[in-house]
Amino acid sequence: MRVLHCGLSLIANCLNVYPFFSGFSIVMTSIWPYLQKIDASADATFLGWVIASFSLGQMIASPLFGLWSNHRPRREPLVVSITILVAASLFYAYIHMPASHNKYYMLLARTLVGFGSGNVAVVRSYVAGATSLSERNGAMANISAFQAIGFIMGPAFQACFTIIGENGVTIDAINLQLNMYTAPALMGAVLGIVNIALIFAIFREHRVDDLERCILSVNSESAESPTPLTMDMYAWTRSQAVFYNGIILASVGIESVIVFIAVKVISKKTGDRILLIGGLAIIWFAFFILLPWGNQLPKIQWTDLQNSTVHNSTNWVFSNMALSNNSVEPTGCPATQTWCLYTPVIHLAQYITSDILIGMGYPVCNVMSYTLYSKIIGPKPQGVYMGWLTAAGSAARTLGPVFVSQIYTHLGTRWTFGIICAIVFFAFLHLISVYRRLVPFCVRHGRL
């Protein structure tokens, strides 16, 4: 009976993770085009803040929801957080309406979506408390697999919504524009409502120790975005960027699900620590591939001028410049980003190869980080601990887009990916230095 109830609750938690990560990824490929459409004053630097706002909200909410789940039934923070997510998604669908400052409304909407997504710590703490050591890897991998499915379906749905177009249709009764930018947010709101119903229908509290013995739970109710890069490098229009990146991210998501499934088997043979190191090494190599090389330069976007630039390895020849048709969307790397004039283009093959490697390395690091962390903490309630771990990741995702957008805008791709390679390399060295300390609580204290 414990297995049945625990299994149903794990399914509920897996389904709970799905809408949060699909809600995150479903608008990622369209944020930059939508931001440009609703507020002409927004630039790539502000985009970094918009992307970071999601993780900032999640960073603030994760420890709070984790603490809440340690002392109250987990259903409470789950339902409240999803309700916030639904409201924020509806708000996102209306940010085009104000006459000015639309970019700040988008910033607020994404922050609230991130705050509502802070319950991931609650989900992972439940999994850590409801599984034994022998079950932990598989359960964490299942949660991560549903997370990856959310990442898959988000960009895939967004790519499908490009059929609606930028103008779409207007529902006058509620002043709603249904287009390729608002439809994903509305879909996220619907998924959130469905998820609330599932929590009330099948979620139950369970807690066991590392030896699979049931113990009393205090929770018991009975008691930044690839889009600017691809638009700059490959001269894609807004619709093309949303569509093509949606397909690429969905494909990488499918790859990630396969890796999550494989991790459950491979970890039993290699151990958690080896897999974590291997995953981090793959991620470093993925960013290293993105370093620009060669002599080919990107197409340049000249403000109010039609781009007819010819490149070669040593010089630029500008010919046949004429005033452009204002109805044509400008494409290419903006001339205001001076690095575009001398930094080689990142070839599409480099970009896709890097995505494939990240699709391999990230799932491994994700599962092994949470699995090792929960095993090291031991049998104590893990809501707050998982909250802080999630908050730490959110802090990186908050500072990262802001930092990267500044470096990308002012210094270009070579500095951006060079610095990221350095950061991942130092993380790799740190992991090696603490390798011997990454052992489960029960093994460390001789209880198994």
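We use all heavy atoms of the structure for the numbers below, so side chains are in, but hydrogens, waters and symmetry mates are not.
- The closest side-chain heavy-atom distance from Leu47 to Ser405 is not below 4.5 Å.
- Formation of a donor-acceptor pair under 3.5 Å by the Gln301 side chain with backbone atoms of Gly332 is found in this model.
- Scanning for side-chain hydrogen bond (donor to acceptor under 3.5 Å, both in side chains) contacts around Asp43 gives an empty result, with sequence neighbours left out.
- Counted within 6.0 Å of OH on Tyr104, heavy atoms from surrounding residues, nucleotides or ligands total 12 or fewer; the atom is thus considered open.
- Other residues, nucleotides and ligands place more than 12 heavy atoms under 6.0 Å from the CH2 atom of Trp339.
- Two residues are said to be in side-chain contact when any heavy atoms from C-beta on lie closer than 4.5 Å; Val50 and Trp32 fail this criterion.
- Side-chain contact between Asn245 and Tyr351: present, with at least one pair of heavy atoms (C-beta onward) separated by less than 4.5 Å.
- The aromatic rings of Trp236 and Tyr234 sit tilted relative to each other, their planes meeting at an angle between 30° and 60°.
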side-chain contact (heavy atoms from CB on, under 4.5 Å) between His410 and Gln337, intermediate numbers included: CA-CA 6 Å; His410 297 97; Gln337 297 177 169; over 6 Å; no

Stepwise ring pair (Phe, Tyr, Trp, His ring centres under 6.0 Å) check, Phe115 with Phe65: CA-CA 10 Å; Phe115 192 92; Phe65 286 134; 5.8 Å; yes

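- A donor-acceptor pair under 3.5 Å links the side-chain atoms of Ser374 to the main chain of Thr371, judged by distance alone.
- In this structure, Thr230 and Ala241 approach most closely via the heavy-atom pair OG1-CB, 4.5 Å.
- Smallest separation of non-hydrogen atoms from Ala88 and Ala109: CB-O, 3.9 Å.
- Ring-plane geometry between Tyr105 and Phe91 is classed as perpendicular, the angle between the planes exceeding 60 degrees on a 0 to 90 degree scale with a lower cut at 30.
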Working for side-chain contact (heavy atoms from CB on, under 4.5 Å), residues Leu291 and Ile346: CA-CA 7 Å; Leu291 292 174; Ile346 294 176; over 6 Å; no

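- Residues Pro440 and Ile376 are not in side-chain contact: their nearest non-hydrogen atoms beyond the backbone lie 4.5 Å or more apart.
- Atom OH of Tyr94 has more than 12 neighbouring heavy atoms from other residues, nucleotides or ligands inside a 6.0 Å radius.
- The CD1 atom of Ile261 sits 11.0 Å away from the OG atom of Ser256 when rounded to the nearest 0.5 Å.
- A salt bridge links Asp272 with Lys375: at least one charged nitrogen is closer than 4.0 Å to a carboxylate oxygen.
- Judged purely by atom type and a 3.5 angstrom limit, Ser433 uses its side chain to pair as donor or acceptor with the backbone of His430.
- In terms of heavy atoms, Ala286 sits closest to Ile358 at CB-CG1, 3.5 Å.
- Ring orientation note: the planes of Trp284 and Phe425 are tilted relative to one another, at an angle of 30° to 60°.
- Atom CH2 of Trp49 has 12 or fewer neighbouring heavy atoms from other residues, nucleotides or ligands inside a 6.0 Å radius.
- Taking the side chain to side chain contact (heavy atoms under 4.5 Å, CB included) definition, one finds that Ile196 meets it with Val79, Ile82, Thr83, Phe200, sequence neighbours left out.
- Side chain of Asn119 to main chain of Val122: no donor-acceptor pair is present (N/O by atom type, distance under 3.5 Å, no hydrogens or angles).
- Proximity of a side-chain donor or acceptor of Gln58 to a complementary backbone N or O of Gly114 within less than 3.5 Å is not detected.
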Steps toward side-chain contact (heavy atoms from CB on, under 4.5 Å) verdict (Leu35, Lys37): CA-CA 5 Å; Leu35 187 60; Lys37 181 179 176 64; over 6 Å; no

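- For Ser55 (side chain) and Ala52 (main-chain N/O), no donor-acceptor pair under 3.5 Å exists by modelled atom type.
- The two residues Glu255 and Gly359 have their closest heavy-atom pair at OE1-CA, 3.6 Å.
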Show me the side-chain donor-acceptor pairs of residues 414-422 shorter than 3.5 Å, one per line, residues at least two apart or across chains.
| residue | atom | partner | partner atom | Å |
| --- | --- | --- | --- | --- |
| Thr416 | OG1 | Tyr408 | N | 3.4 |
| Thr416 | OG1 | Gly412 | O | 2.8 |

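- Atom CZ of Phe285 is surrounded by 12 or fewer heavy atoms from other residues, nucleotides or ligands within 6.0 Å.
- Across Val364 and Val263, no two heavy atoms sit closer than the pair CG2-CG2, 3.8 Å.
- When each of Tyr181, Tyr34, Phe54 is checked for a ring-ring contact (aromatic ring centres under 6.0 Å, His included) with Tyr92, only Tyr34 meets the rule.
- Annotation: the span from Leu276 atom CG to Cys365 atom SG amounts to 5.5 Å, rounded to 0.5 Å.
- Between Thr413 and Leu290 the shortest side-chain heavy-atom distance does not fall below 4.5 Å.
- Taking CD of Gln36 as the start and CD1 of Ile38 as the end, the distance is 11.0 Å to the nearest 0.5 Å.
- In this structure, the side chain of Ser354 does not engage the main chain of Gln350 through any donor-acceptor pair within 3.5 Å.
- Residue Thr162 holds its OG1 atom at 14.0 Å from CZ of Arg238, rounded to the nearest 0.5 Å.
- At a threshold of 4.5 Å between non-hydrogen side-chain atoms, the residues Met231 and Thr331 do not count as touching.
- A heavy-atom distance below 4.5 Å is not found between the side chains of Lys299 and Cys333.
- In terms of heavy atoms, Gly165 sits closest to Asn179 at O-CB, 3.4 Å.
- Distance alone, capped at 3.5 Å, places no donor-acceptor pair between the Thr409 side chain and the Gln406 backbone.
- A 4.5 Å side-chain heavy-atom check between Pro344 and Trp293 finds every atom pair outside the cut-off.
- For the atom pair CE (Met360) and CD1 (Ile282), the distance works out to 4.5 Å, reported to the nearest 0.5 Å.
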CA sep, side-chain torsions, deciding dist, call: Ile277, Ile432, side-chain contact (heavy atoms from CB on, under 4.5 Å): CA-CA 8 Å; Ile277 291 175; Ile432 295 295; 3.6 Å; yes

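- Note that CG of Leu275 is 9.5 Å distant from CG of Leu372, once rounded to the nearest 0.5 Å.
- Put simply, the side chain of Arg273 gets close to the backbone of Tyr435: a donor and an acceptor are under 3.5 Å apart.
- Asn195 contributes no side-chain N or O that, together with a main-chain N or O of Leu191, makes up a donor-acceptor pair within less than 3.5 Å.
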